[in-house]
Peer 1: 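Following this message is one structure expressed as structure tokens.
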Amino acid sequence: MDSMIKDITLAPEGQLKLDWAKKHMPVLNLFCERYKDEKPFKNTRINICLHIEAKTGCLALALKEMGAEVALAGCNPLSTQDDVAAALAKAGIHVFGIHGADEKLYNDCILASLENKPELIIDDGGDLVYLLHHEKRELLSAIIGGCEETTTGLNRLRAMAEKKELSFPMIAVNDADCKHLFDNRYGTGQSAWTSIMSTTNLLVAGSTVVVAGYGWVGRGLALRAKSLGARVIVTEIDEVKALEALMDGYDVMPMTEAAALGDFFITATGNCDVLRREHFEVMKDGAVLSNAGHFDVEINKEELTAMTKEIVPARENIEAYHLKDGRTVYLMGEGRLVNLACGMGHPVEIMDMSFAVQIGSLLYLREQGSTLEPIVNPVPREVDLKIASLKLDSLSKKIDTLTEKQEKYWHNR
Ligand code: ADE
């Protein structure tokens, strides 16, 4: 199999990024060390559809070291880092992704990666599973199972499973504690704000930030905005989450009211049209819009464009929408995942844990996949506990254990 990448001569810069990430991924490295002789994925073809950047590269290389034949495709056209893609291709991973690919090239890359004829897969957002079930059905019977990284992907998979359309078992990596409690909350919280601040060079302190959605991602975004000195407004459609946001110290109101107040807006709902015409109509001149959800559907760009006289680049990764009424609103990263389209994704140590959950889940599938139903299955609790324990070790943190008396008390309550 050949790779489809931009330019192999970019490999040295990509290699530096891979080296930096690997140095800060102790849990992944421990997995590698533990299995590098045993090679549990020997003769196993694994397809990965993830953001092609350095941490993902370390995952792909770890799986290769554990014996797998690995093909990697991008899961978002703006998150692919061409230098990392080149370094990975040089290191023997089959890589299919080019930064800025249009929709056709993006799909063609995923389809081309499937020449690897996978037995195990890792998906992020559900596009790989979708294309397998719609355009490459002849490959379905060989697949033991797969892992899904995100909330959005799991929603798509659960809809498929409900209609009995899923052909192999999937593992809900996103739902593991060692994934969403850290990655969705602290990973997005830090990386989205890092991207917004470095791309805009604007001050967050004293501004009004509107966070749409109070799932784990929204919680992280709001927490970090508050710590940066912003006044935070949360919008929700779920009563309990709205109440939680209120008691966490944020203001809560419908977007129709929040739209007129925000300086920065970040969507994190997984749904479409969270920001739409009725909201754009009342926004302040200069409002900055970004999205932290998986797909670029949360900000309705068509409706924004229809209200616009002219769209011009304002800075790298920011477009100015000069509206017909004289106001300007700024859209970051074309409304795609702001932390990856305008930045480098989650912090390395966060992806260390998320990708360790991926490896733990693939090992589980390798052993137990044939006994699992073609539905969305949980990550075994032991995987979560093992990863948390390795992570604590890597941070030189110890915890308490129960005494004999406590054990007895606990079990005979
Ligand atoms: N880097 C690789 N995958 C990522 C993800 N799902 N979110 C943020 N950063 C990432």
Side-chain angles (χ1 to χ4, degrees), residues 14 17-18 20-22 24-25 27-28 47-63 70 72-85 87-88 93 95 97 99 110 121-129 146-157 171-176 178-196 198 215-218 220-221 224 266 268 270 290-296 332-333 336-359 361:
K17 291 184 182 174
L18 287 169
W20 176 266
K22 184 171 167 58
H24 297 90
M25 298 181 89
V27 181
L28 206 70
N47 267 61
I48 304 176
C49 184
L50 283 172
H51 301 287
I52 303 180
E53 53 91 36
K55 285 91 78 183
T56 304
C58 291
L59 169 67
L61 291 168
L63 293 172
V70 182
L72 167 65
C75 71
N76 180 316
L78 282 195
S79 64
T80 295
Q81 296 186 18
D82 293 318
D83 51 1
V84 173
L88 290 172
I93 306 291
V95 189
H99 183 88
I110 299 179
I121 65 162
I122 296 179
D123 205 357
D124 185 337
D127 286 348
L128 177 59
V129 168
C147 302
E148 169 54 52
E149 172 85 1
T150 62
T151 315
T152 292
L154 286 180
N155 290 341
R156 290 174 88 184
L157 287 175
I171 306 289
V173 164
N174 181 72
D175 292 354
C178 282
K179 203 281 182 177
H180 67 268
L181 290 180
F182 307 99
D183 175 311
N184 301 29
R185 180 167 39 171
Y186 303 121
T188 314
Q190 176 169 322
S191 61
W193 280 112
T194 302
S195 304
I196 293 168
S198 64
W216 289 108
V217 169
L221 293 169
R224 291 294 169 251
I266 316 183
S290 55
N291 166 48
H294 187 80
F295 287 119
D296 59 340
M332 300 197 55
R336 296 181 190 275
L337 264 176
V338 68
N339 59 335
L340 283 144
C342 307
M344 286 186 293
H346 290 349
V348 183
E349 300 93 325
I350 291 284
M351 295 316 293
D352 185 28
M353 293 175 72
S354 302
F355 287 160
V357 179
Q358 290 283 5
I359 293 187
S361 301

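Counting starts at 1 for both ligands and their atoms, following the listed order. Values reported hereafter were calculated over all heavy atoms of this structure, with side chains retained and with hydrogens, waters and symmetry mates removed. A quick note: this is a predicted structure, and the numbers were derived from the prediction, not measured. The first residue in the sequence is number 1, and the count goes up from there.
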Peer 1: Would you say the side-chain atoms of His24 pair up with the backbone N or O of Val348, donor to acceptor, closer than 3.5 Å?
Peer 2: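 Side chain of His24 to backbone of Val348, a donor-acceptor pair under 3.5 Å: no, none is there.
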Peer 1: Would you mind reporting whether Lys17 and Glu53 have side-chain heavy atoms less than 4.5 Å apart?
Peer 2: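 The answer is no; the side chains never approach within 4.5 Å.
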Peer 1: Look at the side chain of Trp193 and the backbone N and O of Leu221, then say whether any donor-acceptor pair between them is shorter than 3.5 Å.
Peer 2: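 Yes, the answer is positive, given that a donor and an acceptor are paired below the 3.5 Å cut-off.
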Peer 1: Are any non-hydrogen side-chain atoms of Leu72 and Leu88 less than 4.5 angstrom apart?
Peer 2: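 Leu72 reaches Leu88 side chain to side chain.
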Peer 1: Do Asn339 and His346 come close enough that some side-chain heavy atom pair is under 4.5 Å?
Peer 2: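 Yes, close enough: below the 4.5 Å cut-off.
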Peer 1: The criterion is salt bridge (charged side-chain N to carboxylate O under 4.0 Å, His left out); which residues satisfy it with Arg185, sequence neighbours excluded?
Peer 2: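 Salt bridge (charged side-chain N to carboxylate O under 4.0 Å, His left out) check on Arg185 returns nothing, list empty.
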Peer 1: Name the residues with a heavy atom less than 4.0 Å from ligand 1?
Peer 2: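 For ligand 1, the contacting residues are His51, Glu53, Thr56, Asp124, Glu149, Asn339, Leu340, Gly345, His346, Met351, Phe355.
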